[in-house]
Amino acid sequence: MRAAPTILHLDMDAFYASAEQAAKPSLRGKPVVVGGLGMRGVVATASYEARRLGVHSAMPMAQARRLAPNAAYLVPRFALYRSVSDQVMELLGRLSPLVEPLSLDEAFVDLEAGGVADDAASARALGRQLRTVIRAVTGLSGSVGLAGSKMLAKIASEEAKPDGLLLIEPGTERELLAPMSVRILPGVGPATGDHLRRAGMTVVDDLARAGEAELVRLLGKAHGVALHRMAQGYDDRPVVAERDAKSVSVEDTFDVDLHDRVRVRSEVERLADRCVGRLRSAGRSGRTVVLKVRRYDFSTLTRSETLRGPTDDPTVVREAAARLLEAVDTTGGVRLLGVGVTGLADFTQEDLFAQAAEAEHAAEEAAADAPPEAPPVAAPETAEQGAEQPAARRWAAGHDVRHETYGHGWVQGSGVGRVTVRFEEPWSPPGRVRTFRIDDPQLEPADPLPLVREPPDYSSWPASLPKSRSGTGPADGAESSP
């Protein structure tokens with residue numbers, strides 16, 4: 001534990017939904033839900049307006065629609081979210097060489113390592129400045145927690161939400177944690193929480209009073225010792241600048257179970273191509289290909305194949321995934337498919353191209369020896385195949401479009417051969433709604449617009465905003481200190 005609250009945790013507020021509201025003036029102040037819109041979709045993020053109606057992350061989308069029937073339901077736009085995340089992480093990188101991203105919208109920062117704060121006053125001033133700059137550059141709000149440890153900084157940012165700042169003074173940790181639910185501590189999930197509840201421990205103070213020996217008896221040595229330390233506010237984990245990804249994977253859940261074996265294979269190949277795309281974007285390669293299949297009865301099978309060396313060749317990954325699929329019984333239907341690559345490296349093995357050729361040659365030989373069979377049934381086209389695309393695939397709700405006459409807009413919905421578009425930009429008033437045929441030649445998909453048209457120049461920040469030992473500085477939103 002540090003003597004000064006110089007570990008900062010930033011958590012952007014309802015990130016996906018807030019980005020959508022910033023991009024779409026007509027949705028500001030209204031309930032917005034982002035996630036998978038199919039029958040089996042789940043909520044990724046809900047705006048605070050939707051949360052007041054009972055909608056929350058990881059909730060089945062069907063349940064969310066029952067709770068908030070008048071909310072705007074949108075498909076995620078990860079290109080926009082990554083762009084905004086890059087802006088935020090670049091700002092954090094100016095504060096310290098030790099920035100530990102946890103996701104697109106969340107990160108720890110070691111302010112002491114960056115030399116920008118060394119006590120409570122300077123840390124508070126820096127936190128205020130950060131919130132101001134993030135809002136100016138991205139148009140979005142973030143909540144900041146400051147403490148002497150990662151655990152407490154994260155708890156502080158959660159308590160500060162939305163759009164606030166909370167600094168936990170060293171020495172007040174035990175008092176702050178005592179009345180909180182045990183679920184606030186890292187490593188206490190639903191199962192551990194239920195186990196502790198049955199033992200009569202529901203708040204953090206119960207854990208601290210129980211003693212280390214009792215927690216070890218209940219949870220085992222490693223978990224019991226760690227949990228007792230955390231209950232007393234101790235957390236010595238450092239901020240780690242880089243975390244090496246152990247795998248890259250993609251998966252899709254289908255609205256209706258897939259029964260056609262040809263369609264299943266087509267989807268596996270499509271997922272393999274997407275997986276390799278992510279692999280290449282990260283500048284990595286991998287040696288082990290993994291296939292995940294969740295069947296109609298929710299049973300999940302995982303199969304893997306290790307190659308002779310690392311690869312980022314889509315043909316190699318696609319064919320390895322297809323071979324793994326051959327060993328899986330899909331009778332009865334498939335509800336989820338996933339393809340991943342593990343054993344990541346920063347190089348590839350060039351002769352894996354020869355491996356792909358060998359696999360192709362072996363397949364040709366097997367086909368020559370096999371008896372003739374009827375031609376395969378063509379798989380239904382996906383959004384990435386063919387010129388004629390289903391309306392729901394081509395015109396996803398919330399995605400950007402451009403019309404030759406009306407300019408930039410976003411899809412409100414589509415169906416029955418029509419697509420409804422609202423034409424507005426992040427910096428415009430709420431726009432008008434128009435409806436077109438789904439094949440209107442003047443309507444095309446478009447890239448997301450930036451959320452702020454002309455952001456202020458903060459290229460010299462934080463040097464342009466000197467540290468304030470008095471704790472004064474620009475800020476908006478809530479701010480508190482226990």
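Note: hydrogens, waters and symmetry copies are ignored here, and every other heavy atom, side chains too, is used.
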Evaluation steps, side-chain contact (heavy atoms from CB on, under 4.5 Å), between L10 and V109: CA-CA 8 Å; L10 171 73; V109 184; 6.0 Å; no
- prompt: Which of these passes side chain to side chain donor-acceptor pair (under 3.5 Å) with Q21: R28, E49, K30?
  reply: E49
- request: Check ring-ring contact (aromatic ring centres under 6.0 Å, His included) between Y406 and all other residues, then give those that pass, not counting sequence neighbours.
  value: H403, F423
field: With sequence neighbours excluded, residues passing salt bridge (charged side-chain N to carboxylate O under 4.0 Å, His left out) with D110
entry: R2
field: salt bridge (charged side-chain N to carboxylate O under 4.0 Å, His left out) involving D439 - partner list, sequence neighbours excluded
entry: R437
message: Restricting to salt bridge (charged side-chain N to carboxylate O under 4.0 Å, His left out), what partner residues turn up for R40, sequence neighbours left out?
response: D257
Residues that P186 engages under side chain to side chain contact (heavy atoms under 4.5 Å, CB included), provided they are two or more places apart: M151, M230, R237
- request: State which residues pass ring-ring contact (aromatic ring centres under 6.0 Å, His included) with Y296; sequence neighbours excluded, sorted by chain then number.
  value: none
- request: Check each of K292, R294, R274 against E251 using the side chain to side chain donor-acceptor pair (under 3.5 Å) test, and report the only one that passes.
  value: K292
field: Distance-only side-chain donor-acceptor flag, S18 / D13, under 3.5 Å
entry: no
field: Polar contact flag, side-chain donor to acceptor under 3.5 angstrom, E424-S26
entry: yes
- prompt: Below 4.0 angstrom, N of the basic side chain to O of the carboxylate: do D236 and R229 qualify?
  reply: yes
- line: Residues at least two apart in sequence or cross-chain that pass side chain to side chain contact (heavy atoms under 4.5 Å, CB included) with S459, listed by chain then number, are D457
Donor-acceptor contacts under 3.5 Å from residues 70-77 side chains, at least two apart:
unit_1: Y73; atom_1: OH; unit_2: A64; atom_2: O; d: 2.9
unit_1: Y73; atom_1: OH; unit_2: R65; atom_2: N; d: 3.4
unit_1: Y73; atom_1: OH; unit_2: A68; atom_2: O; d: 2.7
unit_1: R77; atom_1: NE; unit_2: E20; atom_2: OE1; d: 3.2
unit_1: R77; atom_1: NE; unit_2: E20; atom_2: OE2; d: 3.2
unit_1: R77; atom_1: NH1; unit_2: D400; atom_2: OD1; d: 2.4
unit_1: R77; atom_1: NH1; unit_2: D400; atom_2: OD2; d: 3.0
unit_1: R77; atom_1: NH2; unit_2: E20; atom_2: OE1; d: 3.0

query: Is a donor on one side and an acceptor on the other found under 3.5 Å between the side chain of H195 and the backbone of L218?
result: yes
message: Can you list everything that forms a side chain to side chain contact (heavy atoms under 4.5 Å, CB included) with P190? Sequence neighbours excluded, please.
response: R183
field: Those residues that, when tested against E326, pass salt bridge (charged side-chain N to carboxylate O under 4.0 Å, His left out) (two or more places apart)
entry: R265
statement: Residue pairs passing the ring-ring contact (aromatic ring centres under 6.0 Å, His included) test with at least one member in residues 82-116, sequence neighbours excluded, are H9-F108
message: Check this for me: does any side-chain nitrogen of one of R318 and D273 sit under 4.0 Å from a carboxylate oxygen of the other?
response: yes
- prompt: Taking NZ, NE, NH1 and NH2 as the nitrogens, is one of them in R402 or D447 under 4.0 Å from a carboxylate oxygen of the other?
  reply: no
field: Main-chain N/O of D163 paired with R131 side-chain donor or acceptor, under 3.5 Å
entry: yes
message: Checking side-chain polar atoms at under 3.5 Å, does T311 have a donor or acceptor matched by the opposite partner on S285?
response: no
query: Quick one: do the T330 and R261 side chains pair a donor with an acceptor below 3.5 Å?
result: yes
task: Go through the steps to decide whether T288 and T306 satisfy the test side chain to side chain donor-acceptor pair (under 3.5 Å), and finish with yes or no.
output: CA-CA 4 Å; T288 300; T306 299; 3.1 Å; yes
task: Answer yes when K150 and E100 have at least one side-chain N-carboxylate O distance shorter than 4.0 Å, and no when they do not.
output: yes
query: What pairs with A19 under side chain to side chain contact (heavy atoms under 4.5 Å, CB included), at least two apart in sequence or on another chain?
result: L80, Y81, L140, L451
message: Is it the case that the side chain of W410 and the backbone of V421 share a donor-acceptor pair, with hydrogens and angles ignored and the cut-off at 3.5 Å?
response: no
field: Side chains of Q412 and R422, donor plus acceptor under 3.5 Å
entry: yes
